[in-house]
Every structure is written in structure tokens, then in C-alpha cells.
4 protein chains.
Amino acid sequence: MASGTLNKIMLIGHTGDDVKMTYFEGGGCIGRFPLATNEEYINKSTNEKVSNTEWHNIVVRNKAAEVCEKYLKKGDKVYIEGRIKTRKWQDDKGMDRYTTDVQCTEFTFLTPKDSVNTPTANSTEPQKTQASKAQNPPIEEDNDDLPF
Amino acid sequence: MASGTLNKIMLIGHTGDDVKMTYFEGGGCIGRFPLATNEEYINKSTNEKVSNTEWHNIVVRNKAAEVCEKYLKKGDKVYIEGRIKTRKWQDDKGMDRYTTDVQCTEFTFLTPKDSVNTPTANSTEPQKTQASKAQNPPIEEDNDDLPF
Amino acid sequence: MASGTLNKIMLIGHTGDDVKMTYFEGGGCIGRFPLATNEEYINKSTNEKVSNTEWHNIVVRNKAAEVCEKYLKKGDKVYIEGRIKTRKWQDDKGMDRYTTDVQCTEFTFLTPKDSVNTPTANSTEPQKTQASKAQNPPIEEDNDDLPF
Amino acid sequence: MASGTLNKIMLIGHTGDDVKMTYFEGGGCIGRFPLATNEEYINKSTNEKVSNTEWHNIVVRNKAAEVCEKYLKKGDKVYIEGRIKTRKWQDDKGMDRYTTDVQCTEFTFLTPKDSVNTPTANSTEPQKTQASKAQNPPIEEDNDDLPF
DNA sequence: TTTT
DNA sequence: TTTT
């Protein structure tokens, strides 16, 4: 019997651009956007402050992608949960190249919106990014009628 | 508009007992079991080693509960992901009491099984604990046919 | 040889009160504050929207407690990482009671401050809550001079 | 004032090789090893089972690297916590290339060892990977003498 | 009540 | 290159 593995990444950062959508035949789509996380620390040897920005390639799918495209703007703060996936591609010289993406499985917007009511306005827990559930609240809760 | 919150707990520990099931009218069920996590450290003042065991009340629902009941045995190591929920109850004197549970949303067995093939045998990623998905692999992957 | 366990909780929520400090002989201190996380979902049986607020008892120690007391105000949004600890106490009738705390190990403020420069202003990664490091940036980075 | 970001990855997987050490002048060192996580799911379009293995480049520092080198063997299961860092390098044609590493901040061994007593034998919580603390238990606990 |  |  298989025993399990875990591949989970949790990010809080600011988007570096709007969501770029790609639509596929059959109705699927993905959205991509860069997310920046920062760290600052003192280099103990030189006593200098060091600032690093790490850029993450976020990939969201289907309904979740559409929600992100609609409500997530460049510079917004967002919580992203997902898994790491490194994909191989060929550059223009036919060389193998690798890029590491974050395949988003949950997200929640952290930038306060004072705008009108939105689909996400009613959700205060991270949204699952399943095909047909992206705009819905967590689904563990709503699929039964247990008395607790 | 609401901006989001997060309530996530991630545990690796050993079960202190088998899963106790409760079945409800309408077909729902929950399973409960205790999970132990440990910490050891040196008390710097006394230079003594201190061992602490923390017991967590794990609650699993529906199909996931049935999978756990079937394959998770007392003493097994397991990864549990979920959210914290504190519930109020009355003791036999009518006093309000509170108990904090971990409502399990994902799990993966970490004790190697050399037994016969099981429903979980084919899943090496944490299992989502939704009503109808408990025995299936992560559902983000299988609900589209995107070319990546 | 021991194999490990994990006891980790990650929360994003709003503080329900200012930080209450307790000082101990010897110079130690702790801060306590309540943190609210929310979930909303549709009850599929009744089709009603359900809103739940979960309150977490956050416990921070020493320097980290002092930073929180100084900069974290009621209503602020904050990321808290820690471990679960359930403690036993006696009520006024001598009955055993249990309360579950979140012992904070890292935190990062999520409410934008437009105020003057603060100790936390220079840290954009979660702060470790060790006794002597609370106001410092992550310490993994600054304790060596490795060329990367 | 800066508000915070989070860059956290949590993995459970199997090592694909022993730890490769690099030592630096001044006494620092790093260890590197590959970690595999797996996912399996049913492609709903083709009804075929799909198996994917994801390889992560784990980087551990200093004392933690030495502990891993000593006790972590090819094929072992391990929990790794860290942050994502993508670094740039030049290939032999001078082209910019990028590789994404997991800078390990905590780890705990999940493969039971029946061997002799080890430095890690007394720790059942994830080990922090700071320069001088790698072999020690979590340090939040041992740096004060608070009465709880 | 687990595990090492 | 792991594991089931």
C-alpha cells in the first residue's frame, strides 16, 4: 500500500501584474500571474541590510482563474496555497529549460475592497480552485447535514 | 467586501486509538480519533529534558471517515490537515464546557502497510475529505483536460 | 530512534482585542489576544447561508509579545503561525477545565500601517518569536556568510 | 510600514539520493539532496491513471546539513519545511538559467530507524535549521522559564 | 491513549 | 533519482 507524500506551498505576497488568461478548446482556461514575496535581514558579516524579492509563477485554473482575473489586480495582496510543479520546455534553440510553477489550489484575497458586492465578498475562507467550485465557499462544510 | 481569513492546522502524529464512528440518519457519518504529537526540549534553567505529548481530537466525515475507520489503526502515523473548531457543550451539571476539535480536510497515511491492496493504495497525495471524494485522489487535477 | 511529529497551525484573522500582557519575575512575559477566523458556506439542505466565527487564543512570548503589544491593535489583520497546546486548569469549583491555546512561533502583520517607522517596518517575512530574536528578521539567513 | 509576506513550503517525500555536502571557508557548509513527491489521479477524459513525480532540490545549511548527511539516506521519508528560492546561473554557453531550490528551515525524519542512539533520537518535533541549533530541539521552548 |  |  502506498503511504503518502505532501507537496504544499503557502504564500502571502503581492501580485506583480494582472492575471493573464489562456483559453482552451473545450472550455478550460488557466490564469497566470507573478507573485512577490520579500525577505529582509541583516548580513551578520557586513552588518548590511539585505532585501530579497522572490517571484513565484502562479497558475490558477478554470473558474478560479476567472475569479482571479476579475478581482485580483496588480499590486493586490493575496494568500495562495498550492503545489509546486516544475515543467520542461524548449527554448528557441531547442535546449531543455525548466520553469517552476505554483499550481494554485486555494486562495484568499487580502487586499480590502471597498467596491460593490462580489462573488468573493461572501467568502472569508480560502476558496478551493476546483473546476466548478471556484466561486463557492469551502465544500467540506456544505455537503452534508450533520448536526454540528 | 470581505477579505479572507485562514484557519489551517497540519499535524503529523500517532493515533492513540482506533476510529470511533457515529452514523446519522440520512446517511452521514463522522469518525473520531485522538492524535498525539510530541515535543522534547531541554529546560535551560534546570537543564532537564522535558517531554510533552499533545492530544488532538480529530474529526473526519463521511467517506473519509469510512476510509480512516478501515485503514487507520491505533498507533499508526498519519498526516492530518484541517481546521480548528471549538464547540460548546453542557456537562452533567449543566455547565458550559468547550472542546477543541480538528475538522480534518485532508489526510495521508504515513505508516507503511504491507497488506493487501486498498482503496487508498493508489493515492500518494493527501486525500481530500469531501463527502463524495474521500477515496479519490486530489480533484483539482482530474476535472479538466488542460494540456499541462 | 525517534521519528518525528508535527504540530503546526497557520491562521490569518483579525484580532478581537488588544494584547494583554503578563510579566513574570526574571524578566519573561507573555501576551495574549483573541484572533477571529471566519467561514461562510451554504447549507445545502436548507439553502441558507451560514456564517461561523472561530475564536483562537493566541499566546506570544517575551520580545515577540512586546512587539505585538506595541503594534497590534484590536481589529488588525495578522498572520499567526504556531502550535496547539491544550492546558488544564481548575475552575472556582475545583473542576478540571481545558483550554486550547495557539503558542505563536511566527507572525506577520497584514494590516497596512501608514504610521511612522517601526521595528517591524523592515521585516517583510514572518517574525520568529524566540526570546531574543522577536524583533529581528528570520535568522536562518543571517547566521552565516555562505556565498548564495 | 511594510506589511508582511509569507514564503513557506511543506513537503513529505522520499529522498532520491544521499546528501551531497559542500564546505566553505570559514566553516560553513550546505547539503543538497533531491526529494520526490508523488501524485496519482484519474484523467477524467481518458479514464487513465496518471502518475507524476515531482523532484524538489532541497538545500540545508550548516549543522542541519551535517545532521541530514549523517542520518538521512537515499530512499528515506522526510518532512521538509522551507522557503522557495529561485537562483540564476550561467550554463556553459553563458546563457542565463534558473533553478528553484527549497531552502530548508525545519525537517523531521519520518523513516523509523532501529539503529543506535542518534543526536536526533531525542527530538520528536521538527528541527530548526539554524546555524548553531540544528541538532537541538525547537528553541521557542527552552529559552525562558515561564511557568507554563 | 500514541510514538521514539 | 524516491516511494507505493
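As a basis for the values below, the full set of heavy atoms in this structure was taken, side chains included, without hydrogen atoms, waters or symmetry mates. Per chain, numbering begins at 1; letters A, B, ... match sequence-line order.
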With B:T22, which residues qualify under side chain to side chain contact (heavy atoms under 4.5 Å, CB included), at least two apart? B:F24, B:I30
Taking the basic N atoms (NZ, or NE/NH1/NH2) and the acidic carboxylate oxygens, is any pair closer than 4.0 Å for B:D17 and B:K74? no
Expressed as a whole number of angstroms, how long is the span from D:L35:CG to F:dT3:P? 12 Å
Side chain of D:D17 only, please: which of F:dT2, F:dT1, E:dT2 is the nearest? F:dT1
Need one value for D:G75: base, sugar-phosphate or nothing, where a base atom within 4.0 Å counts as base even if backbone is also close, heavy atoms only. sugar-phosphate
Between atom CD1 in D:I58 and atom C1' in F:dT2, what is the gap in whole Å? 12 Å
Over how many whole Å does the gap from B:N38 atom CG to E:dT3 atom P extend? 10 Å
Would you check if B:W55 stacks with the base of E:dT1, given a 5.5 Å centroid limit and a 30° plane limit, both strict? yes
Quick check for you: among E:dT1, F:dT1, E:dT2, whose closest atom lies nearest to any side-chain atom of D:P34? F:dT1
Any ion pair linking D:D101 and D:K85 (charged N to carboxylate O, less than 4.0 Å)? no
Output the rounded distance in Å from CG (D:D76) to C1' (F:dT1). 14 Å
Spacing of B:I12 atom CD1 relative to E:dT2 atom C1', expressed in whole Å: 15 Å
Below 4.0 angstrom, N of the basic side chain to O of the carboxylate: do A:E81 and B:K8 qualify? yes
Side chains of A:T37 and A:H56, donor plus acceptor under 3.5 Å: yes
Does B:T53 contact E:dT2 through a side-chain donor or acceptor facing the base, at a distance under 3.5 Å? yes
B:K20 NZ - E:dT1 C1' separation (whole Å): 10 Å
Please give, in whole Å, the distance from F:dT3 C1' to D:Y79 OH? 19 Å
Among E:dT1, F:dT2, E:dT3, the one nearest any side-chain atom of B:H14 is E:dT3
Figure out the CD/P separation between D:E54 and F:dT3, and round it to whole Å. 18 Å
